[in-house]
Amino acid sequence: MPTKKPNPTVLAVIPARGGSKGVPAKNLAPVAGIPLVGRAVRACLGAVGVTDVVVSTDDHAIAAAARSFGAEAVQRPAALAGDTATSESAVLHALDAFEATAGRTADVVLLVQCTSPFLTSAEVAEAVARIVGGEADTAFTAAPSHGFLWRETAEGATGVNHDKAHRPRRQDREAEYLETGAVYAMDAAGFRTHGHRFFGRTALVVTDPARVLEIDDPHDLARAKAVAPLLDDPATPSFADVDAVVLDFDGTQTDDRVHLDAEGREFVSAHRGDGLGIAALRRAGLPVLILSTEQNAVVAARARKLRIPVLHGIDRKDLALKEWCEAEGIDPARVLYAGNDVNDLPCFHLVGWPVAVSSAHDSVRAAARAVTATPGGFGAIREIAAWLLGPELNTPTPLPN
């Protein structure tokens, strides 16, 4: 049984191979605007007790994403990156690499899976506490279940965890627990000795069954994107998170309707609150750009009115956005992009803060990192400005050097 140690080193290891047969580039797939590997890193970095987080990968893009979210990356050798390689082998390799580089011995090691997108920092912290506190040698997340399990046999279906002739009520049955696969915590010395994730005394970290979802195929990923707005804590950026704001036009700054006169001229409605918000962003020193696929004089006229640059009539908005960021010297990871429809999705995948207005298409809302409460054309941009500047739209006071 492990003993309590002052200031233990707790290493979280996140295995994230580049290859995936079920979902191509799975560990980089975004859920609520954040790649799966980034969600795992955030859960670990936010957990009380975790001192170090490393991502074990054979993929340069995953390594870059891991570092962008604050983790270290360990290059996994090819021999440990194939379909037959075990998670334990990746954890042991990362543990060796960490101790050799950091010059410290890990007291607790965690195996954290990217494929569980709704793992919370509180669950990670509880798993750590079970080991550090001396309660257990190993711990893992599990969800309570009162389901009746069956197995097919040559003689017909038979009950696995019940007698099919006796059906007790749910409240009369003790809960059983389903292993979620999200996080495993282990005494590091014991893990080295035994070579697997379960040894000695094992403790359960009970999680909400509603949060249990393991991504193995595209349907799982689609479900994760659909339920993320319900399960994730609401997240909105602050002024310190953003270096530029890029705005779609139709459906984002308008209600997505167009009015035509007898001559075929188009008219749209804009919200004065959006203009107020954009003016406040400009005063605060944030570059603001309108980016639109529409080749329409009204888009350019609105940009002139707001005194901000515009790129319109653009076929590949993501390429235009990337070129603009390079020209302005702005890191796309620190760009807030607000949109409403599927032609905005390539830009969503490029920036650090993809934002959907509340009236956006379902697929766009699912890909967003944040969603406004206000529909496009009714002050959604004013709401975004309030996220960054506060409800009074005050220019932030620069921090002292």
Side-chain angles (χ1 to χ4, degrees), residues 1-17 40 43-44 47-57 71-72 74 76-77 79-116 119-145 149 160-161 174-207 212 214:
M1 181 69 66
T3 58
K4 294 182 179 180
K5 299 178 181 179
N7 303 316
T9 294
V10 177
L11 173 67
V13 178
I14 303 171
R17 292 191 304 121
C44 293
V48 175
V50 173
T51 59
D52 300 272
V53 180
V54 301
V55 172
S56 169
T57 186
E72 296 296 326
V74 171
R76 195 190 309 187
L80 300 181
D83 292 338
T84 60
T86 65
S87 297
E88 281 86 352
S89 66
V91 172
L92 183 58
H93 173 265
L95 181 60
D96 288 340
F98 166 79
E99 292 184 345
T101 302
R104 290 180 282 134
T105 299
D107 300 299
V108 178
V109 63
L110 307 179
L111 163 59
V112 180
Q113 304 280 23
C114 293
T115 48
S116 295
L119 173 68
T120 68
S121 295
E123 291 165 344
V124 177
E126 185 175 347
V128 171
R130 299 295 179 88
I131 312 303
V132 171
E135 178 183 338
D137 301 280
T138 62
F140 67 97
T141 48
S145 171
L149 299 180
V160 173
N161 62 345
E174 289 189 16
E176 295 174 313
Y177 293 88
L178 173 68
E179 185 178 330
T180 71
V183 62
Y184 303 85
M186 299 155 282
D187 174 71
F191 174 68
R192 286 190 179 281
T193 299
H194 295 275
H196 61 84
R197 68 189 80 174
F198 299 114
F199 53 86
R201 181 178 175 84
T202 299
L204 299 179
V205 175
V206 180
T207 188
V212 178
E214 191 166 7

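Being a predicted model, the structure only gives us computed values, none of them experimental.
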Exercise. Should Asp137 and Arg197 count as an ion pair when the cut-off is N to O under 4.0 Å?
Worked result: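 Salt bridge absent between Asp137 and Arg197.
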So, for [X] and [Y], which heavy atoms are closest and what is the spacing to 0.1 Å?
X: Ile131; Y: Ala139; value: CD1-N, 3.9 Å
X: Gln113; Y: Gly181; value: CG-O, 2.7 Å
X: Ala203; Y: Ala136; value: CB-CB, 3.7 Å
X: Thr86; Y: Ser89; value: O-OG, 2.6 Å
X: Pro15; Y: Leu111; value: CG-CD1, 3.4 Å
X: Ala16; Y: Cys114; value: CB-SG, 4.0 Å

Any side-chain heavy atom of [X] sitting closer than 4.5 Å to one from [Y]?
X: Val109; Y: Val91; result: yes
X: Val112; Y: Val13; result: no
X: Phe140; Y: Val205; result: no
X: Val74; Y: Val55; result: no
X: Thr138; Y: Phe199; result: yes
X: Glu176; Y: Pro144; result: no
X: Thr9; Y: Asp52; result: yes
X: Asp107; Y: Val10; result: no

Exercise. Does the pair Asp96 and Arg192 meet the rule for a salt bridge (Lys or Arg N to Asp or Glu O under 4.0 Å), with working shown?
Worked result: CA-CA 10 Å; Asp96 288 340; Arg192 286 190 179 281; 2.7 Å; yes
Problem set entry | Val128/Val48 under side chain to side chain contact (heavy atoms under 4.5 Å, CB included): CA gap, chis, key distance, verdict | CA-CA 8 Å; Val128 171; Val48 175; over 6 Å; no
Problem set entry | side chain to side chain donor-acceptor pair (under 3.5 Å) against Ser87, all qualifying residues, sequence neighbours excluded |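 Applying side chain to side chain donor-acceptor pair (under 3.5 Å) to Ser87 gives none.
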Exercise. Residues two or more places apart in sequence or in another chain: which of them pass side chain to side chain donor-acceptor pair (under 3.5 Å) with Ser116?
Worked result: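 For Ser116 there are no side chain to side chain donor-acceptor pair (under 3.5 Å) partners, ignoring immediate neighbours.
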For this session: Return yes if a side-chain donor-acceptor contact under 3.5 Å exists between Tyr184 and Glu88, otherwise no.
Result: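 Short answer, no.
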Exercise. If we ignore angles and hydrogens, is there a donor and acceptor under 3.5 Å between the side chains of Ser56 and Arg76?
Worked result: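 Side-chain D/A pair, Ser56 to Arg76: present.
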Exercise. Are the side chain of Glu135 and the backbone N or O of Ala129 linked by a donor-acceptor pair below 3.5 Å?
Worked result: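 The answer is no, because no donor-acceptor pair under 3.5 Å joins these two groups.
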Problem set entry | Side-chain (Glu123) to main-chain (Thr120) donor-acceptor, under 3.5 angstrom |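 Present.
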Exercise. Between Thr180, Leu119, Thr141, which is the residue that forms a side-chain contact (heavy atoms from CB on, under 4.5 Å) with Val212?
Worked result: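 When Thr180, Leu119, Thr141 are each tested with Val212, the side-chain contact (heavy atoms from CB on, under 4.5 Å) holds only for Thr180.
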So how far is it from [X] [atom1] to [Y] [atom2], rounded to the nearest 0.5 Å?
X: Phe98; Y: Thr105; atom1: CZ; atom2: OG1; result: 9.0 Å
X: Thr202; Y: Met186; atom1: OG1; atom2: CE; result: 11.0 Å
X: Glu179; Y: Leu204; atom1: CD; atom2: CG; result: 9.5 Å

For this session: Step by step, work out the side chain to side chain contact (heavy atoms under 4.5 Å, CB included) result for Leu11 and Val54.
Result: CA-CA 8 Å; Leu11 173 67; Val54 301; 4.0 Å; yes
